[in-house]
2 protein chains.
Amino acid sequence: MVTLEDVARHAGVSLATASRVLNGSTRQVGASLRARVEQAAQQLGYRTNVAAQTLARGASNVVGLVVHDLTDPYFAALADGAMRVAEDQGLMVMVATTHRDPEREIAYVATLNAQRVRAVLLAGSRIANPGVTRRLREELDRYRATGGRIACVGQDLLGADTVAPGNAEGAAELARALAGLGHRRFAVLAGPPWLITAQDRVSGFTGALAELGLPAPQLVHGTFDRDGGYGAAAEVTDATCVFAVNDVMAVGALASFRDRGIRVPEDVSVAGFDDIATLRDLVPSLTTVRLPLSDMGARALELALDPSEEAREPRVERVSGEVVLRGSTRGLTPEG
Amino acid sequence: MVTLEDVARHAGVSLATASRVLNGSTRQVGASLRARVEQAAQQLGYRTNVAAQTLARGASNVVGLVVHDLTDPYFAALADGAMRVAEDQGLMVMVATTHRDPEREIAYVATLNAQRVRAVLLAGSRIANPGVTRRLREELDRYRATGGRIACVGQDLLGADTVAPGNAEGAAELARALAGLGHRRFAVLAGPPWLITAQDRVSGFTGALAELGLPAPQLVHGTFDRDGGYGAAAEVTDATCVFAVNDVMAVGALASFRDRGIRVPEDVSVAGFDDIATLRDLVPSLTTVRLPLSDMGARALELALDPSEEAREPRVERVSGEVVLRGSTRGLTPEG
DNA sequence: CTGTTAGCGCATTCAG
DNA sequence: CTGAATGCGCTAACAG
């Protein structure tokens, strides 16, 4: 294992000089010494020991990213955006997946704190559980207390900088668009009752329907994934339009209807939420609410890294979804 | 920033004792002291400084994962598998995305080396470029020289433990299955000529066709993604069956045919490769070659971490794909 | 079982 | 501009 000291000796300079040329010091070093050091490092195959550097500097070059599930394209897109800005800033990204276990989320925050990462990004819906949320906040506070920076993508519940998707607003706008198509009887594949993202989308949707004077939709709960959509769709009775609270669930719903010989959109319309890129070529193409996922991930990391955050209120940036009407929903004549 | 020393003082014990109870030492500590230390750590909100720990131990708890693109479900699935075993082993995962830039791949290996990660996993196709491959190998050798472990998912070209998908074999079997359906005139959406994964799938496919005495397929190159499939499909002339060398390209091909009013599978059959889970609900459902992506990622990390690798040949584990015939391909009567 | 001590590799004062 | 010395927080002998 070749160390800085080896390089310095090989180049015939002091440790300090070697350090200055090899690592981003602002200090200047004479051209000839600089060249000697660089050559020595090259010859010896020197690689900075980041652990030592982190210890000496008291700050690391790593950020942490906590997501539920990387195979969910929603999180993959967020992660991609965050990694883009990390690369731009010369930071490495440590990724942790919780698989929707809030205990693991808390544990990972502690671990990332131990790693002394520069910032941690919490992506994904909060859950409606005060005890868990409190303990997560405590862990985050501990991290923050030592200079850690935090940003979230999702609900603004953690007292940290947040990129907050307009779930309720987007769902409301979707409801209005669907109602504009002539639909009156709706069902909502609502996901788990405790997932706040799901809650918000449901309430935004039902709220808009109520404002329009339309009957309340049928609510069917289930998991937040493809199978949740598939299962919930089977329980829908008497609706001309089904809103799945995310695209992946909508895909499950589509499959469920297909398996039962129910045509979309002829027999029933289906809409989702998120506008997952990988799913854009679905047939019928999915009506949904587009969220700029990658940019949201990028923006969240920017917020977390932005140093102008001394002793002030957490910043909350709302990003609104855009309704995209596609082939999975159709217009109804007044007769239905 | 509370340190181990603070905890020790607070608990009235020595640094060493505090270290022994708080971090996974095999050494025993008396119950009463142990309790005092744990309580002190709890009260003070102590978090291990992993950088210091890594420096002192000379070994980190982090593994590196280098993938092309996390938003590609292929890599997301590999990453998911790798992260599963990382979690089991109490390791954190540092993820780097190259976006198919080989220079970045080399640079990230150097960075991960500097981080002194325990192992690095290189996922994704090698490219047919001797210069780049040589420099990558040099960087890997440097890493290995200091005890770093390496595993790859893909081609066995780096002299490291490798999980090698049977690209050629899978494609060959697919070709035979498709020929068995009665197809004679094929086209292959071949991806980039320099991508070895793509090459292998193409050559396996065409080789099997030749063995069957069938005419050589039309080859159309393009990018390895959805748009590459979309564009290449437009150039297909006179084939009853189109093989896209991965599922995501096949989705593009499906879209291309649909946009031009060409029905699948009535007018043309389409097959892919990988069996991406997110795409299983496509209509028509995609005939493909199933690869156990998540398990492959997991296995690769296991190989990298398995210490029984002293001074012996790199292990290469071949994993074979399974042909899955679905709705996007149909049988032909002898008349076509 | 517990405490003392000597580094791990590097950044950074502080002199020169 | 350059070098010598100190310490970052922790682990691992070693001694008791």
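Naming: A, B, ... by sequence-line order, numbering from 1 per chain. Side chains are part of it too, since the values below use all heavy atoms of this structure and drop only hydrogens, waters and symmetry mates.
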Among F224(B), Y74(B), F75(B), the one residue meeting ring-ring contact (aromatic ring centres under 6.0 Å, His included) with H68(B):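 So, applying the ring-ring contact (aromatic ring centres under 6.0 Å, His included) to H68(B) and each of F224(B), Y74(B), F75(B), only F75(B) qualifies.
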Touch class at under 4.0 angstrom, heavy-atom based, for L55(A) against every strand present: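 Base contact.
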Touch class at under 4.0 angstrom, heavy-atom based, for G58(A) against every strand present: nothing
Of the listed nucleotides ([options]), which one gets closest to any side-chain atom of [X]?
X: A56(A); options: dG3(D), dT12(C), dC8(D); answer: dC8(D)
X: Y46(A); options: dC10(C), dT4(C), dA11(C); answer: dC10(C)
X: L33(A); options: dG9(D), dT11(D), dT2(D); answer: dT2(D)
X: M1(B); options: dA12(D), dG9(D), dT2(D); answer: dG9(D)

Donor-acceptor pair present, R57(A) side chain and dG9(C) base, under 3.5 Å: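 Per atom types, no contact qualifies.
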dG9(C) base / R47(A) side chain donor-acceptor hit below 3.5 Å: no
[X] side-chain N/O to [N] phosphate OP1/OP2 under 4.0 Å:
X: N23(A); N: dC10(C); result: no
X: T17(B); N: dG3(C); result: yes
X: S14(A); N: dA4(D); result: no

Salt-bridge contact E138(B)-R135(B) (side-chain N to carboxylate O under 4.0 Å):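 No salt bridge links E138(B) with R135(B).
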Polar side chain donor-acceptor pair, S294(B) to R84(B), under 3.5 angstrom: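 Judged by distance alone, the side chains do pair up.
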Rounded distance in Å - CD (Q53(A)) to P (dG9(C)):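 Nearest whole value for this atom pair: 14 Å.
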